[in-house]
Amino acid sequence: MEQLTVIEKEGANYLQYVLEGALNAYTIGEFQDTLYAAVQKNNVVLDMSRLIELDPSGLGLLMAAFNDCDEAGHKLYFMAMSNESEKTVAASGFKYLFNLINSVTEVK
């Protein structure tokens, strides 16, 4: 079973989470609570460059967090998506909805 490692970094107007490993049904549990709490208070940047798997459960978590963030008046950014995460997001048909960035300097 794959693992998910999450590293939190604080920026001037955002919280950044570096995601490494797999974001799937087996690994979303603890990160889900962290992410939902963060989007209520801050802009959030998810560095997805080190994700090796993003399954439908992981994508569902990201979509729910995106909606919660929007309702709270904040933005959720997907940064530097890995090939695997980009394929999953593109296959969902919702890629155009998300805030995709290449660097934290693009956070508004």
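In this chain, residues are counted from 1 in sequence order. Hydrogens, waters and symmetry mates are skipped; everything else that's a heavy atom, side chains included, is used.
Environment of CD in Glu8: crowded, with over 12 heavy atoms of neighbouring residues, nucleotides or ligands closer than 6.0 Å.
Proximity of Arg50 to Leu19: side-chain heavy atoms (C-beta onward) are nowhere separated by under 4.5 Å. Residues Tyr17 and Asp47 form no side-chain contact, since every pair of their non-hydrogen atoms from C-beta on lies 4.5 Å or further apart.
Going from atom CD of Gln16 over to atom CD1 of Ile7 covers 9.5 Å, rounded to the nearest 0.5 Å. For the atom pair OG1 of Thr34 and CD1 of Ile28, the computed distance is 12.0 Å after rounding to the nearest 0.5 Å. Summarising the geometry, atom CD belonging to Gln40 is positioned 5.5 Å from atom CG belonging to Asp68; distances are rounded to the nearest 0.5 Å. Taking CD of Glu2 as the reference point, atom CD of Glu53 lies at 6.5 Å (rounded to 0.5 Å). Between Leu76 atom CG and Asn42 atom CG the span is 11.5 Å, to the nearest 0.5 Å.
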TODO: Determine, stepwise, if the pair Gln3 / Thr27 fulfils side chain to side chain contact (heavy atoms under 4.5 Å, CB included).
DONE: CA-CA 7 Å; Gln3 298 290 323; Thr27 64; 5.7 Å; no
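Hydrophobic clustering places Leu62 together with Leu100 (ILVMFWY residues linked when any side-chain heavy atoms are closer than 4.5 Å, directly or through intermediates). Residues Met63 and Ile101 do not share a hydrophobic cluster, clusters being chains of Ile/Leu/Val/Met/Phe/Trp/Tyr side chains in contact below 4.5 Å. Placement of Val45 and Leu61 in two distinct hydrophobic clusters is found when ILVMFWY residues are connected by side-chain heavy-atom separations under 4.5 Å, directly or transitively. When hydrophobic clusters are built by joining Ile, Leu, Val, Met, Phe, Trp and Tyr residues whose side-chain heavy atoms come closer than 4.5 Å, directly or via intermediates, Leu4 is grouped together with Leu15. Hydrophobic clustering (ILVMFWY, side-chain heavy atoms < 4.5 Å, transitive): Leu51 and Leu59 are in one cluster.
The list of ring pair (Phe, Tyr, Trp, His ring centres under 6.0 Å) pairs with a residue in residues 80-108, not counting sequence neighbours, reads Phe66-Phe98, Phe78-Phe98. Pairs passing the side-chain hydrogen bond (donor to acceptor under 3.5 Å, both in side chains) check and including a residue from residues 74-93, sequence neighbours excluded, read Ser82-Ser85, Glu86-Lys95.
A donor-acceptor pair is defined here as one N or O able to donate and one able to accept, closer than 3.5 Å; no such pair exists between the side chain of Gln32 and the backbone of Gly29. No donor-acceptor pair under 3.5 Å is formed between the side chain of Asn24 and the backbone N or O of Leu54.
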